[in-house]
Structures are given as structure tokens and as C-alpha cells.
Engineer: 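Sharing a structure here in C-alpha cells format.
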Amino acid sequence: MIAFVSGPVAALAPDTAVVEVGGVGMAVQCTPNTLSGLRIGRQARLAVSLVVRENSLTLYGFADDDERQTFELLQTASGVGPRLAQAMLAVHTPDALRRAVAQGDEKALTAVPGIGRKGTQRLLLELAGRLGEPTGAAATSHPAGAAAPEPWSEQLRAALLGLGYSAHEADEAIATVTPAAEAAAADGAAPKVSQLLRAALRTLHRAH
């Protein structure tokens with residue numbers, strides 16, 4: 001089993017990083033949060049999980065071992081494959097997922113693209129006791145009256161900065177996709193960071 005890859009970052013895409021390992025470019029599927037911490041030409045160390053299918057071998061990369069372990073534990077629930085597990089980690093940190101399962105927070109899980117209301121209760125039941133208890137500071141609740149920050153814009157900005165765009169370019173691109181994100185939220189759906197990132201990149205490409 002491959003536990004991690006380490007080497008210079010050769011390329012970055014909206015959902016993939018290529019890390020050069022011993023002269024070989026390893027394509028690793030990553031969330032926007034993980035990609036945001038990478039820079040082309042700089043050394044990177046990603047915890048990875050190898051998913052073997054009949055016609056493919058896919059590496060999924062994570063910022064740390066906690067994310068990788070959570071990714072693998074999520075897939076022990078029926079109906080959760082690697083793509084959905086990665087989507088869950090794109091929306092929530094491992095501790096946020098542990099907290100959601102421990103508290104039976106259906107709203108937190110339905111915020112993940114691909115998880116409907118019908119599947120939420122089943123996931124909460126199946127994952128109960130598997131992910132463990134929240135461990136970090138994020139386990140504490142928000143003060144009364146304080147709204148939790150929307151994660152999509154922070155994730156999108158971090159991903160754009162990680163791809164080499166300036167803070168000004170990132171903010172302008174985010175402004176162009178904000179109406180779409182707000183429209184999705186108004187309809188009760190969580191904005192899909194991957195889709196917003198692709199739309200933002202199209203805007204930036206047209207500007208150049």
C-alpha cells in the first residue's frame with residue numbers, strides 16, 4: 001500500500017496535483033483545500049489512499065493522515081465510494097464530520113453534493129461510532145447568535161491562490177461566481193466548490 005507521496009509539485013489542476021516521485025509524475029486526486037496548500041515547483045508531502053478498480057488505479061491525496069483515515073472510514077458505509085467520501089471532505093473537515101455524526105446533524109451531511117435527505121439518516125446510523133469523537137477546537141459550538149462562515153468562498157479562494165493566481169485575481173473571480181453560489185444556497189443546495197472553481201477558472205482564462 002502507498003502511504004504517501006513526496007516530491008516537487010509538477011502541475012496543478014482544479015481537482016488534481018501531479019507530484020514528481022523518482023522521475024515519475026504521480027497524478028493525485030485532491031480536494032480544493034488540499035490543493036490550496038500546494039505550489040508548483042515546491043516540495044509537497046501528501047498522505048494518499050490507493051483505490052483499485054478493475055480498469056483503473058487512482059490515488060487520492062490528503063493534507064494529513066487524519067484526512068486519509070477519515071476518507072477510508074467513510075467508505076465503510078454502504079453507498080459511499082471514493083468520490084463521495086472526497087466530496088464530504090471537500091465540504092467538511094474530519095472533525096466537522098465526526099461532530100456531525102456524533103450529533104446526528106442531518107443538515108451538515110445534506111450540505112454535501114451527492115447526499116440526499118433519504119440517505120442522510122442511513123449514513124448517520126452506519127457511521128455512528130466509526131469516525132470517533134471530535135478532537136480539535138472545531139468541536140466547540142459557535143457562540144449564540146454567531147453564524148458559521150460559509151466555507152465555499154474560502155475554499156475557492158484558497159484553491160485559486162494555490163493555482164498561482166494573485167489575491168486580486170482570486171477575489172475578482174469569486175465575485176463573478178458568487179451569484180450562482182447564492183442562487184444554489186437559496187434553493188437549499190450547498191454550492192459545489194468544484195463547479196465554482198471551474199467557472200472561476202474560465203473567467204480568469206477569458207481575462208488573460
Side-chain angles (χ1 to χ4, degrees), residues 1-6 12-19 21 26-38 44-136 138-139 151-152 155-156 158-159 162 189-198:
M1 177 182 175
I2 303 175
F4 69 89
V5 295
S6 179
L12 292 170
D15 60 358
T16 307
V18 177
V19 180
V21 181
M26 307 289 285
V28 186
Q29 301 288 311
C30 302
T31 65
N33 275 343
T34 300
L35 290 170
S36 70
L38 305 178
R45 184 184 188 279
L46 295 174
V48 296
S49 179
L50 176 63
V51 175
V52 180
R53 293 289 184 264
E54 185 177 351
N55 59 352
S56 67
L57 298 173
T58 306
L59 280 175
Y60 290 85
F62 309 93
D64 54 42
D65 290 335
D66 187 24
E67 280 194 356
R68 180 187 62 191
Q69 183 179 26
T70 302
F71 171 80
E72 293 172 348
L73 288 172
L74 288 170
Q75 293 175 74
T76 63
S78 59
V80 178
R83 290 289 186 182
L84 182 55
Q86 189 180 52
M88 294 170 77
L89 286 166
V91 176
H92 299 295
T93 64
D95 242 17
L97 287 170
R98 286 190 282 264
R99 185 168 65 254
V101 171
Q103 298 176 352
D105 188 349
E106 295 184 17
K107 185 177 180 180
L109 290 188
T110 54
V112 178
I115 299 181
R117 295 184 184 279
K118 292 182 179 180
T120 299
Q121 292 183 343
R122 174 181 53 78
L123 283 176
L124 289 174
L125 286 173
E126 290 193 25
L127 292 173
R130 297 187 189 181
L131 300 185
E133 293 296 320
T135 58
W152 70 265
Q155 293 177 3
L156 182 55
K192 296 182 179 180
V193 175
S194 60
Q195 291 182 358
L196 294 173
L197 180 57
R198 284 192 286 269

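Predicted model, so just to flag it, every value in this text is computed and none were measured.
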Engineer: Which atoms form the tightest heavy-atom contact between R53 and P82, and what is the distance?
Structural biologist: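 The pair with the smallest heavy-atom distance is NH2-CD, 3.3 Å.
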Engineer: Which heavy atom in A27 sits nearest to a heavy atom in T16, and how many Å separate them?
Structural biologist: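 Minimum heavy-atom separation between A27 and T16: CB-CG2, 4.1 Å.
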Engineer: Can H92 and R99 be said to form a side-chain contact (heavy atoms from CB on, under 4.5 Å), step by step?
Structural biologist: CA-CA 10 Å; H92 299 295; R99 185 168 65 254; over 6 Å; no
Engineer: Hey, could you give me the CG/CG distance between D105 and L124, rounded to the nearest 0.5 Å?
Structural biologist: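 Interatomic distance, D105 CG to L124 CG, rounded to 0.5 Å: 8.0 Å.
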Engineer: Should E133 and R98 count as side-chain neighbours, where that means a heavy-atom distance under 4.5 Å?
Structural biologist: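 E133 vs R98: side chains apart.
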Engineer: Where do V28 and V18 land on the side-chain contact (heavy atoms from CB on, under 4.5 Å) test, with the steps shown first?
Structural biologist: CA-CA 6 Å; V28 186; V18 177; over 6 Å; no
Engineer: Mind checking whether L38 and L12 have side chains closer than 4.5 Å, heavy atoms only?
Structural biologist: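 With C-beta onward as the side chain, the pair touches.
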Engineer: Of all heavy-atom pairs between L35 and A13, which one has the smallest distance, and what is that distance?
Structural biologist: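 Taking L35 first and A13 second, the nearest heavy atoms are CD1-O, 3.4 Å.
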Engineer: Other residues, nucleotides and ligands only: do more than 12 of their heavy atoms fall within 6.0 Å of CD on E72?
Structural biologist: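 Counting other residues, nucleotides and ligands, CD of E72 exceeds 12 neighbours.
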Engineer: Would you call D64 and R45 a salt bridge, taking side-chain N to carboxylate O under 4.0 Å as the test?
Structural biologist: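 Looking at D64 and R45, the cut-off is not met.
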Engineer: Taking atom types as modelled, find out whether E126 and S78 have a side-chain donor-acceptor pair closer than 3.5 angstrom.
Structural biologist: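 Looking only at side-chain atoms, S78 and E126 do form a donor-acceptor pair, the distance falling under 3.5 Å.
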Engineer: Holding to side chain to side chain donor-acceptor pair (under 3.5 Å), I want the full list of residues that pass it with T70, two or more places apart in sequence or in another chain.
Structural biologist: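 For T70, no residue satisfies side chain to side chain donor-acceptor pair (under 3.5 Å) once neighbours in sequence are set aside.
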Engineer: Quick one: are L97 and L109 in side-chain contact, heavy atoms under 4.5 Å?
Structural biologist: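 The answer is yes; the side chains approach within 4.5 Å.
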Engineer: Which atom names give the shortest non-hydrogen contact between L46 and C30, and what distance separates them?
Structural biologist: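 For L46 and C30, the tightest heavy-atom pair comes out as CD1-SG, 4.1 Å.
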Engineer: Is the shortest heavy-atom distance from the side chain of F62 to the side chain of S49 under 4.5 Å?
Structural biologist: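 Side-chain contact under 4.5 Å: yes.
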Engineer: Side-chain donor-acceptor pair under 3.5 Å between T120 and E106, yes or no?
Structural biologist: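 No.
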Engineer: For a side-chain contact (heavy atoms from CB on, under 4.5 Å) check, start with the C-alpha distance between L50 and T58, then their side-chain angles and the critical distance, and finish with the verdict.
Structural biologist: CA-CA 6 Å; L50 176 63; T58 306; 6.0 Å; no
Engineer: Short question: side chain of R68, backbone of F4 - any donor-acceptor pair under 3.5 Å?
Structural biologist: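 Checked: no pair found.
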Engineer: State, yes or no, whether a side-chain contact exists between L59 and M26 at a heavy-atom distance under 4.5 Å.
Structural biologist: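 Answer yes - side chains close enough.
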Engineer: Determine yes or no for a side-chain-to-main-chain donor-acceptor pair under 3.5 angstrom, with E67 supplying the side chain and L89 the backbone.
Structural biologist: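 No: the side chain of E67 does not pair with the backbone of L89.
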Engineer: Quick check: do V91 and P113 have side-chain heavy atoms less than 4.5 Å from each other?
Structural biologist: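 They are in side-chain contact.
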Engineer: So which heavy atom on L74 is nearest to which on M88, and how close?
Structural biologist: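 Smallest interatomic distance, heavy atoms only, reads CD2-CE, 3.7 Å.
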Engineer: Judged by modelled atom types alone, do R130 and T76 share a side-chain donor-acceptor pair under 3.5 Å?
Structural biologist: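 Present: a donor and an acceptor within the cut-off.
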Engineer: For the atom pair CD (Q29) and CG (D15), what is the distance rounded to the nearest 0.5 Å?
Structural biologist: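 So the gap between those two atoms works out to 5.0 Å.
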Engineer: Before you tell me yes or no, could you show the steps for V51 and Y60 under side-chain contact (heavy atoms from CB on, under 4.5 Å), namely the whole-Å CA-CA distance, both residues' side-chain angles and the distance that decides it to 0.1 Å?
Structural biologist: CA-CA 8 Å; V51 175; Y60 290 85; 3.6 Å; yes
Engineer: Please name the pair of heavy atoms, one in T34 and one in A63, separated by the smallest distance, quoted to 0.1 Å.
Structural biologist: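 So the two residues come closest at OG1-N, 3.8 Å.
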